[in-house]
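Each chain gets a letter, A, B and so on, in the order its sequence line appears, and its residues count up from 1.
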Protein chains: 2
Amino acid sequence: MKGIRRLAQHLDISIGTVSRALNGRPDVNEETRKRVMAAAQELGYVPNQSGRSLRQGTTNIIGFMIQTGTEITGQGDTFFMSVFDGVQAVFARHKLDLVALLCSSEEDPSDYLRRVVARGFADGLILSATRRHDPRIEFLAERNIPFVTLGRSLTDAGRPWLDLDFEGMAQTAIDRLVARGHRRIAVTRPHDDVNLGYVFVDRCREALAAHGLTLDEELIFRSTPTEAGGYQIARDLLALEERPTAILLVNETIAIGFYQALSEAGVRPGRDIAVIGRYSPHAHFLSPPLTCFRLSLRDLGIALAETLLSTMPAFKHHYPQALVNAVWPMELVEGESDAFG
Amino acid sequence: MKGIRRLAQHLDISIGTVSRALNGRPDVNEETRKRVMAAAQELGYVPNQSGRSLRQGTTNIIGFMIQTGTEITGQGDTFFMSVFDGVQAVFARHKLDLVALLCSSEEDPSDYLRRVVARGFADGLILSATRRHDPRIEFLAERNIPFVTLGRSLTDAGRPWLDLDFEGMAQTAIDRLVARGHRRIAVTRPHDDVNLGYVFVDRCREALAAHGLTLDEELIFRSTPTEAGGYQIARDLLALEERPTAILLVNETIAIGFYQALSEAGVRPGRDIAVIGRYSPHAHFLSPPLTCFRLSLRDLGIALAETLLSTMPAFKHHYPQALVNAVWPMELVEGESDAFG
DNA sequence: TCGGCGCCCGTAAACGTTTACGGAACTATG
DNA sequence: CATAGTTCCGTAAACGTTTACGGGCGCCGA
C-alpha cells in the first residue's frame, strides 16, 4: 500500500478526505485536517506528481528554456542565475516550481519544445535566446501554452515579451559620447539571428543622425559574444585607417578581450579611446573601470514571472497590471573608460 | 477525444496497438506500425508525460540540481552550461531528458529535494554544490533514488561522486612553485561548508611538507568566490608584513579582482608575485595571461552522466566500467603569471 | 414530529498511458 | 485434416491522484 491510500489506511479514513484535507478544501473538519497533516508529515508523504497532474491537467511547473553549449547571447556568467532568482521569488508565492529546460546544442529548439512541452511537462514557459525568426513562438501560441519571451523577435506581434532597453542604451550612450565631442563612434552587434542586433544598430544610427552624424559601416563590428570575440574586435578596430574615438560594446562578455587587445597595442580606454559597455560582475575590476549599463537581473526575473502569470487564467487576477510588451531600463554606471582627452 | 484514443480512432485500431507501435514493441505488424507513426506525425501526437510515468513509474527525466542566487561555489552559468552539454550527449542516447532543478536561495536544499523529488519528478539526480555535511545525500540514499554528486562531502561514503582533482592541482602547483625557488606560498580556500576547502588546503600543506616547508596560517585566504573576493584577498595579502612570493587561487572567478588590486598597488603577476589559478574563458585575456588549471567540462559532464547511469538498473549494463568515486584531472596551462624574477 | 439545512465524509469515476492476458487468423508440420 | 506454433491485435486493469455526487448525521425552527 502506497501513497495517499497508505495515509488513509493509517488514519482509518477515506482517501477522498485525505486529499481534501491536504489541498485545503473547506469541506473537511478542522480536527481531521490536523490529523492528516500530522500523519503526512510523520510518514513523509508527498503527493505523486504524475497522478496529480494527470487528473488536474496541470503540473505546477514552469519551464525556463535555455540552450546549452551554444554561445549566441553573450550573457555573462551570472546572468541566468540572477534572473532565476527573481523568477522564483514570484513563483514561490504561488507554489509554482521553476525548472530550467536545457535544450542541447545538438537538437533543434523547436523539436525540443515539441518533445518536452507538448507532452504536458510544464504549465508555462519562459523563452530565452529569442531569435529573430523564432518558430517556437508560433508553436506555443497555436497550442495555447502560456509563455513569455526574454528578447524580441520579428514574429512576436501580440505575444508577451520583455527585453532589455537597448534603444535607451543606444540613445543615452550616443548622446553622451557626442556631447563629449566624439564624432566617429563604433558599435558592436551580435549575431544576425538575434533581433537585438538590428534594434540596437538602428537606434544608434538614428541617435547619431539626430546629431547630424552617420554610422560608418566599417565601424559596425560583428563577432562571437565571447572574450575572444572582443579581442578580435579590438584588433580589427586598431587596424582601421581612420580609427574611431569611441566604441559601444553591446555584449557583456567581450569587454575583457577588448581591453586586452588594446593593452597589447598600448591603447588605453578612457585616454586614447572611449569605451562604454555592459555591466558584469567584473566591470569594476578592469583597468580602468568600465563605464557600463547595468540592470537588476533579479527584478527582470520578477517582471518576467509576473508577465507570464498575467497571461495564465489561474493567476491572471493577481497581476492585472503586469507588463506585456516592455523594455527593461538600464542605468549608466560611471567608470573611467569613457573619460577622454 | 484526445491523446492516444484520438489516434486510435483515426486509424480505426485499438489504443493498445497504437501504444505498442509507438513504443517499438515487437508484437505489431510492420505495416501497421508505419501507419501509426505516420498518423502520429500528421496529428502531432506526443504521449502525455503524466499518463506514461504514472503507469510506468518512471519519468525519463534526470534532474541536475543547482542553487540559484547564492554564491558559495563560484561556478557560473558557463560552467554549468558546458557540463550540461556533456551530460546531454550521453543522455540523448537513452532518450533521457535533462532538466535543471533550480533551488532558490531562500529555500533549504533538503526541503526542496523533498518537495520536488519525492513526488516522483525525476528518475535520477545529479547534485552540485555538495556541502561538507550534506543531508541531501542521506535523503536520496534511503529512498533509493539514483544519484551522483559533483563534489565530495563527508557523508558520501559508498555513494557515487565525482570531483575535480584538487589534490593533483595542489601537488602540481606546489611542486612547480617550490622548484622555482618559492618558499613562502599563499593559498585561497572556499567557504567552510565546502569540503573542497579542507581537501585542497590539506594537500597543499602535505606537498609543502614534502619539501620541508610549512603553510603559514596567515597565508590561507578566505573570501567569497567572486571578483570582489579576489580583490579583497589581494588587499589583505599586500598588507602583510612578510608577503608571500606566490599564491594559488582555487576559484575561477577571483582572478580578475585579484589582478586589479595588485595592479592598483603596482604589483605585477609574474614579476613581483607568482600567481596560479583556475582556467576560465577570460584567463588568457588577463595581463599577463594567467597560468591556470583547466579541464574539459564537457568530459566531466559525460563522466557524471555515465556514473549516474551505471547506478541505475535499467542502464547499468551499458556502463559497467563507469567511475564511481573519482577525481577528474586538470591540466596546467602555461601563462605568464607564474614567471618570476 | 418532521422537513430542511449545513457539515462532514465515503464512493467511484476520471485523467492518459502501458501491458498482461487471451484470442483470432494464419502457417507449418505431421 | 488435426494440431501446434506464430503473428498480430483487442480488452481491460492498473498507476495515484482529484473531485462530483450523494448520503449520514445532528441541529434548528415550525
| Taking atom types as they are modelled, is there a donor-acceptor pair under 3.5 Å from the base of C/dG10 to the side chain of A/Arg20? |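 Checked by distance alone, the answer is yes.
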| Is there a donor N/O on one and an acceptor N/O on the other, under 3.5 Å, for the side chain of B/Arg55 and the base of D/dG16? |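 Between D/dG16 and B/Arg55, which were checked side chain against base, a qualifying N/O pair under 3.5 Å is absent.
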Whole angstrom value for the distance that separates [atom2] of [N] from [atom1] of [X]:
X: B/Glu30; N: D/dT6; atom1: CD; atom2: P; result: 19 Å
X: B/Phe121; N: D/dG16; atom1: CZ; atom2: P; result: 19 Å
X: A/Arg5; N: D/dT17; atom1: CZ; atom2: P; result: 8 Å
X: A/Arg25; N: C/dC9; atom1: CZ; atom2: C1'; result: 15 Å
X: B/Ile15; N: C/dA14; atom1: CD1; atom2: P; result: 14 Å
X: B/Leu11; N: D/dC9; atom1: CG; atom2: C1'; result: 14 Å
X: A/Asn29; N: C/dG10; atom1: CG; atom2: C1'; result: 15 Å
X: A/Gln56; N: C/dA14; atom1: CD; atom2: P; result: 18 Å

| Sugar-phosphate only, base, or nothing, as touched by B/Asp27 at under 4.0 Å among non-hydrogen atoms |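 Since a base atom lies under 4.0 Å of B/Asp27, the category is base.
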| When all nucleic acid strands are considered with a 4.0 Å heavy-atom cut-off, which category describes A/Ser19: base, sugar-phosphate, or nothing? |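 Here A/Ser19 touches the bases of the nucleic acid.
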| query | Do any side-chain nitrogens or oxygens of B/Thr32 fall under 4.0 Å of OP1 or OP2 in D/dC9? | reply |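 B/Thr32 to D/dC9 OP1/OP2: side-chain N or O found under 4.0 Å.
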| query | Under 4.0 Å between a side-chain N/O of B/Arg52 and OP1 or OP2 of C/dT18, yes or no? | reply |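 So the side-chain polar atoms of B/Arg52 do come within 4.0 Å of the phosphate oxygens OP1 or OP2 of C/dT18, strictly under.
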| task | Look at atom CD of A/Glu138 and say whether more than 12 heavy atoms of other residues, nucleotides or ligands are closer to it than 6.0 Å. | result |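 Incorrect, the count does not exceed 12.
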| How long is the span from the CG atom in B/Asp111 to the SG atom in B/Cys103, to the nearest 0.5 Å? |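 Going from the CG atom of B/Asp111 to the SG atom of B/Cys103 covers 8.5 Å.
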| message | Apply side-chain hydrogen bond (donor to acceptor under 3.5 Å, both in side chains) to residues B/Asn195 and B/Ser153 and explain how you reach the verdict. | response | CA-CA 6 Å; B/Asn195 201 27; B/Ser153 86; over 6 Å; no
| query | Can a donor-acceptor pair be found between the side chains of A/Gln88 and B/Thr68 at a distance below 3.5 Å? | reply |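 There is such a pair (donor and acceptor under 3.5 Å, judged by atom type) between the side chains of A/Gln88 and B/Thr68.
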| task | Would you kindly compare A/Ser14 and B/Asn48 by the position of their nearest DNA chain C nucleotide and give the one closer to the 5′ end? | result |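 Its nearest nucleotide being more 5', the pick is A/Ser14.
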| said: Here's a test of your reading of the structure: between B/Val46 and A/Gly16, which maps to the more 5' nucleotide of DNA chain C? | reply: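 Checking each residue's closest nucleotide, the 5'-ward one belongs to A/Gly16.
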| Full working for side-chain hydrogen bond (donor to acceptor under 3.5 Å, both in side chains) between A/Thr17 and A/Ser14 | CA-CA 5 Å; A/Thr17 304; A/Ser14 81; 3.2 Å; yes
| message | Give me the atom names and distance for the closest heavy-atom approach of B/Ala40 to B/Leu22. | response |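 Here B/Ala40 and B/Leu22 meet closest at CB-CD2, 4.1 Å.
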| task | Check whether the ring centres of B/His10 and B/Tyr45 lie less than 6.0 Å apart, and answer yes or no. | result |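 Between B/Tyr45 and B/His10, which both carry aromatic rings, the centre distance is not below 6.0 Å.
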| End axis versus end axis in the helix from C/dT1-D/dA30 to C/dG30-D/dC1, the angle rounded to 10°, five pairs used at each terminus |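 End-to-end axis angle: 50°.
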